[in-house]
Amino acid sequence: MSSTSRQAGVTGDPHHSGRWIALAVLVLAVLLVAVDATVLGLATPFLSEDLEPTGTQLLWIGDVYSFVIAGLLVSMGSLGDRIGRKKLLLTGATAFGAVSVLNAYASSPEMMIVARALLGVAGATLMPSTLALIRNLFHDPRERSLAVGIWGAMASAGAAVGPVVGGLLLEHFWWGSVFLINLPVMAVLVVVGIKIIPESRNPSPGPWDLPSVGLSLVGMVGVVYAIKEAAAHGLSWMNVVVAVVGLLALLWFVRRQLKLPSPLLDMRLFHHRGFSGAVLADLLTILGLSGIVFFLSQFLQLVQGRGPLEAGLAELPAAVGAVTAGLLAGRVARRWSVRSVVAGGLGAIGVCLAVVTVIHKETGYPLIGALLLVVGVGAGFAFTVTSDVILSSVPKEQAGSASAVSETAYELGAALGIALLGSIVTGIYQGFGTPAGIPASAVEKAHESLGGAVETAEHLPPRQGSELVLAAQEAFVNGLRVSAAVGAVVLLATATAAWFLLRGQKLEEGIIPDE
């Protein structure tokens, strides 16, 4: 056996004895990223009080992480195919832990935005590597479906662990402590991963094209930034210029990939209807969901008056549903069909978002918990099956690039969702009328964010403070309802599109022999 074949064979051997242990280590990286994302939403009220960001800065703190990840995922997935996915994973995990410390001790909104951006750079190295390594560890399609389900379940578990652990920390420590929980997870991943995870790479990758890296980053960040600014502040010449630059960069990127003998991203992957349909479904689903998810913790804490830990526990049904559905998704999709599972899951989420349009401050938890459970089940089925379709649509040598496309769709959808739907909530909120007699400086601060209104009310006479908070809460809930309505339309349309795009798509059966 040649050195190249031996290198590929270590990772590709479906009977590799340590593949399930390696999977357990890989999903720690997923847990790391998921915990970080959900913890931030829970810590937002405390961060707002301490750093006093403007409404725009608060949105940037929430979405710059996704912007940077979206811009770098394709480049990092391709880099992992070239230098080794294990090497990139462990490097990214170490950087992720180190930058988490910078996030924890940020002393200004500007520093927090920069720290979140750097965290995005580190995070971009983690996610493509985990899915690509799963593709190379598991050749039996049924085992791979289960492995992908576990991968997705751990992402959902991270979404559950984040708020609960974060809530415990926020009850006793300052908001920065929620980022420090990344450190022990990172340490376990690196120490155990060095010994357990086998290396894999594309045996004939070609050079890593730096101009393509730059075009991908400029294009993604430019387009998303322009959309965000237009949604928040309306059209301007600057927005148009940035959007045009971003679109031209992406167009140039695509043209360059089609001409390169060893492209950063093989555009022929999109000729596979199942691959393209799964990627599109992921992007639009996250877009429709992310605005609601970002503001849910604020609703539970600042509108319904729950403590951080109680708010974290209140969000658990979504994770429970997603974990359960993720583990069963492969079996259900083989028994029924890929398109029925994906379209059904997305349709269920869309219906739940439609119900959110009638919630109010006094809405009881049984309804909220039931909605979260159904959303979790729908997301668990849909995302697990689409991930499996994406991985099984490509040869294992391109697993990093394919995984990166999948994750790019996810992160781009999150960034766009927070930008567009988040801006709807912010725009409606900032237009609320304040009670008479409140000082202009207090009115200005109250209009920046709901957290700012609650803090401002504490320094006003009781009656004025109560009236201000009630007006702010009503405006926030109105914004949340409109955002949910838009999200429901997006999800139901995506479910319909998935039904047609995934027609005839099936998950692989049987055992594929090692090559």
Side-chain angles (χ1 to χ4, degrees), residues 127 131 134-135 141-142 144-153 155-156 159 269-290 292-293 318-319 321-354 371-394 402-403 405-414 416-417 487-509:
M127 299 303 285
L131 262 182
I134 288 173
R135 173 67 175 88
R142 289 181 178 272
R144 186 171 63 235
S145 291
L146 179 58
V148 171
I150 293 171
W151 178 87
S156 300
L269 294 175
F270 291 96
H271 292 169
H272 191 292
R273 179 165 51 85
F275 181 90
S276 298
V279 169
L280 181 64
D282 284 355
L283 188 152
L284 293 178
T285 301
I286 291 298
L287 190 157
L289 267 176
S290 57
I292 302 300
V293 171
V323 168
T324 304
L327 295 175
L328 297 174
R331 183 181 302 175
V332 175
R334 285 183 173 87
R335 178 174 177 82
W336 302 103
S337 70
V338 165
R339 72 169 183 173
S340 63
V341 172
V342 175
L346 301 185
I349 299 173
V351 171
C352 288
L353 291 180
L371 291 174
L372 287 171
L373 179 63
V374 176
V375 167
V377 170
F381 277 130
F383 288 134
T384 301
V385 173
T386 54
S387 295
D388 201 340
V389 168
I390 288 168
L391 282 184
S392 60
S393 299
V394 303
S403 301
V405 172
S406 173
E407 295 300 329
T408 298
Y410 186 98
E411 296 298 340
L412 184 59
L416 287 170
V489 171
V490 171
L491 263 295
L492 293 174
T494 304
T496 303
W499 178 260
F500 292 102
L501 289 174
L502 298 177
R503 183 182 68 254
Q505 184 68 43
K506 296 182 179 180
L507 299 185
E508 294 175 348
E509 300 281 356

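What's counted below: heavy atoms across the whole structure, side chains too, no hydrogens, waters or symmetry copies.
Of all heavy-atom pairs between Ile349 and Gly378, the closest is CD1-C, 3.8 Å. Across all non-hydrogen atoms, the minimal contact from Ala147 to Ile134 is CB-CG2, 3.9 Å. Residues Ala488 and Ala354 approach most closely at CB-N, 3.6 Å, considering heavy atoms. The minimum heavy-atom distance linking Ala278 with Val389 is given by the pair CB-CG1, 4.2 Å. Between Ala333 and Val341, the shortest heavy-atom contact is CA-CG2, 3.7 Å. The two residues Ala498 and Val342 have their closest heavy-atom pair at CB-CG1, 4.0 Å.
Using a 4.5 Å heavy-atom cutoff, the side chains of Val377 and Thr324 are not in contact. By the 4.5 Å heavy-atom criterion applied to side chains, Ile286 and Phe383 are counted as neighbours. You'll find the side chain of Ile390 reaches within 4.5 Å of the side chain of Asp282, heavy atoms only.
In terms of modelled atom types and a separation under 3.5 Å, the side chain of Thr384 and the main chain of Phe381 share no donor-acceptor contact. In terms of modelled atom types and a separation under 3.5 Å, the side chain of Thr496 and the main chain of Leu492 share a donor-acceptor contact.
Crowding of Phe270 atom CZ: a count of heavy atoms from other residues, nucleotides or ligands under 6.0 Å exceeding 12.
Note: Thr386 OG1 to Leu502 CG = 8.5 Å, rounded to the nearest 0.5 Å. Taken to the nearest 0.5 Å, the CG atom of Leu346 stands 6.5 Å off from the OG1 atom of Thr494.
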